[in-house]
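Just so you know, these numbers come straight off a predicted model, no measurement behind them.
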Amino acid sequence: KRNESNQIVVPIYDTVRVVVSDTIKVEPKPAPRIDTLRLAHSPAEIDSLVEAWAILHQEQGEKRFFNTYSGDDEMTASLPIDTLYKQRLLDMVSPVHLPYNYIVRNFINQYLNGRWSSLSSVLALSKYYFPIIEEELHTAGLPMELRYLPIIESNLSIRATSRMGAVGLWQFMPATGKKYGLEINSLVDERRDPIKSTHAAAKFMNALYDVFKDWNLVIAAYNCGPGNVNKAIYRAGGKRDFWSIYPFLPKETRAYLPLYIAAVYSMNFAAYHGISAKEDPLFVVDSVPADSVLFQDFPEFLFVRNLQK
């Protein structure tokens, strides 16, 4: 190559030659014979170690759990309220999906602020009614979290009556109550019976789950009926998720699942917001021989069980 001064430029290349003169031969180590293998610990020692590990694991798990929800925990106290609500709901182990969004947050705040009713009164009533409800749910094989439904239905009041004619803890309409075995006439209204109405509600929710296979849709259908939920699924293009069919549900039902999630949160974490149960209400439980009883004639605190002729 020539440049402007007609000088010849010759490129220079360096060559590095690497010569491997030594070869290392690695001999594979033979596998040990099976008959020469020995355990470092006896079976009894292994069982003891596993048991000790299980106990330690349980203690550490309980410590992490209580640290998460301790009201005195500085890290928890410093979390933004949305993060705190969301994390607590996520940490709840439940077959019922408990998502969090701004709609749920608003309902949680309304529960904790006592907009609808006194949460402390509901907490007191739950000590009496929850064992009854839980027994029926367990017998029917239903999630225990469904015990919170009567809170948004009736605030755990057997005398609750809606403007549409729904009555009792579970707010059964007359037709639905009779369909699931409740006696409803001018003399007796078993929708006000906590045990019988809960038994009927369990059968109703099992029937709804057989149709929808999703507990969020079961909760929605409990409020507006399976027909309205099926219509919403159709309008949503076949999507079978509450938030996908949300725009197509009746207005009241759109608020129903968020309200349920808010009730679950409020009942589980009321103490961390400075809310405690009122003094236990007076309940008189007895067996009364009678041919027929008008449940509406009994005061709120009186519950008649095991009626006998």
Side-chain angles (χ1 to χ4, degrees), residues 85-108 111 122 126 129-156 166 168-173 176-177 179-180 194 197-269:
Y85 287 168
K86 183 177 181 179
Q87 188 60 51
R88 284 174 171 173
L89 287 171
L90 285 175
D91 288 342
M92 294 185 68
V93 180
S94 169
V96 181
H97 184 45
L98 303 172
Y100 178 80
N101 54 36
Y102 75 96
I103 304 174
V104 175
R105 178 194 62 206
N106 292 339
F107 284 130
I108 290 175
Y111 259 118
V122 176
S126 70
Y129 287 116
F130 272 8
I132 297 172
I133 296 171
E134 289 166 1
E135 182 178 353
E136 290 291 338
L137 293 177
H138 177 73
T139 302
L142 295 172
M144 288 295 108
E145 287 72 19
L146 295 176
R147 66 179 180 242
Y148 300 107
L149 270 183
I151 295 174
I152 58 176
E153 287 288 345
S154 64
N155 279 324
L156 294 180
L169 281 180
W170 295 90
Q171 289 291 281
F172 272 113
M173 295 294 287
T176 308
K179 179 179 179 181
Y180 289 97
S197 65
T198 301
H199 182 70
K203 291 195 293 184
F204 184 26
M205 289 186 287
N206 258 327
L208 292 174
Y209 188 77
D210 289 340
V211 174
F212 296 109
K213 304 298 182 183
D214 181 281
W215 288 115
N216 286 352
L217 295 184
V218 167
I219 292 170
Y222 189 90
N223 176 253
C224 67
N228 284 321
V229 173
N230 281 325
K231 289 178 184 176
I233 291 173
Y234 176 78
R235 292 169 183 169
K239 296 178 180 178
R240 303 177 66 86
D241 170 78
F242 178 84
W243 298 105
S244 297
I245 68 173
Y246 178 88
F248 308 104
L249 289 168
K251 183 179 179 180
E252 180 183 348
T253 307
R254 290 200 296 268
Y256 195 76
L257 181 65
L259 187 56
Y260 165 80
I261 297 171
V264 173
Y265 176 91
S266 301
M267 291 295 289
N268 281 277
F269 301 105

Which pairs of donor and acceptor atoms, one on a side chain in residues 213-221, lie under 3.5 Å apart (sequence neighbours left out)?
{"from": "D214", "atom 1": "OD1", "to": "N216", "atom 2": "N", "distance (Å)": "2.9"}
{"from": "D214", "atom 1": "OD1", "to": "L217", "atom 2": "N", "distance (Å)": "3.0"}

Open item on the list: Would you compute the distance between atom CG of L89 and atom OH of Y265 and round it to the nearest 0.5 angstrom?
Closed with: 7.5 Å
TODO: With rounding to the nearest 0.5 Å, note down the distance linking CG in L90 to CD in Q87.
DONE: 5.5 Å
TODO: Please work out whether the ring planes of F172 and F204 are parallel, tilted or perpendicular, with thresholds of 30° and 60°.
DONE: tilted
Open item on the list: If I take atom CG from residue L259 and atom CD from residue E252, how far apart are they, to the nearest 0.5 angstrom?
Closed with: 9.5 Å
Task: Verdict with reasoning, H199 to K203, per side chain to side chain contact (heavy atoms under 4.5 Å, CB included) - done: CA-CA 6 Å; H199 182 70; K203 291 195 293 184; 4.1 Å; yes
Open item on the list: If we count only N and O atoms by modelled type, under 3.5 Å, do the side chains of E153 and Y260 hold a donor and an acceptor together?
Closed with: no
- [ ] To the nearest 0.5 angstrom, please state how far the NZ atom of K231 sits from the CD1 atom of I233.
- [x] 13.0 Å
Task: R88 charged N/C atom sitting above F269 aromatic ring, 6.0 Å / 45° - done: yes
Task: Check: N228 side chain, P250 main-chain N or O, donor-acceptor pair, under 3.5 Å - done: no
- [ ] For W243 and H97, run side chain to side chain contact (heavy atoms under 4.5 Å, CB included): C-alpha distance rounded to whole Å, both residues' side-chain angles, the deciding distance at 0.1 Å, then the answer.
- [x] CA-CA 12 Å; W243 298 105; H97 184 45; 5.5 Å; no
Open item on the list: Test side chain to side chain contact (heavy atoms under 4.5 Å, CB included) on V264 and L98; report intermediate values, then the result.
Closed with: CA-CA 9 Å; V264 173; L98 303 172; 4.1 Å; yes
Open item on the list: So N230 and F212, do their side chains get closer than 4.5 Å, heavy atoms only?
Closed with: yes
Task: Distance (rounded to the nearest 0.5 Å) between L149 CG and L156 CG - done: 11.0 Å
Task: Separation of L137 CG from I132 CD1 (nearest 0.5 Å) - done: 12.0 Å
Task: Partners passing side chain to side chain donor-acceptor pair (under 3.5 Å) against Y209 (at least two apart in sequence or in another chain) - done: none
Task: For P258 against R254, the heavy-atom pair lying closest together - done: CD-O, 3.3 Å
Open item on the list: I need the minimum non-hydrogen distance between C224 and T253, along with the two atoms involved.
Closed with: CB-OG1, 3.0 Å
- [ ] Check I133 against P150 and note the closest heavy-atom contact, atom names and distance.
- [x] CD1-CG, 3.9 Å
Task: Heavy-atom pair with the smallest gap, counting every atom of Y222 and A201 - done: OH-CB, 4.2 Å
Open item on the list: I'd like to know whether F242 forms a side chain to side chain contact (heavy atoms under 4.5 Å, CB included) with L249, so could you lay out the CA-CA distance, the side-chain angles of the two residues, the decisive distance to 0.1 Å, and finally the verdict.
Closed with: CA-CA 9 Å; F242 178 84; L249 289 168; 3.5 Å; yes
Open item on the list: Give me the atom names and distance for the closest heavy-atom approach of P143 to P95.
Closed with: CB-CG, 3.6 Å
Task: Taking every non-hydrogen atom, the tightest pair across Y148 and A263 - done: CD2-O, 4.5 Å
Open item on the list: Within the 4.5 Å heavy-atom criterion, are I152 and F107 side-chain neighbours or not?
Closed with: no
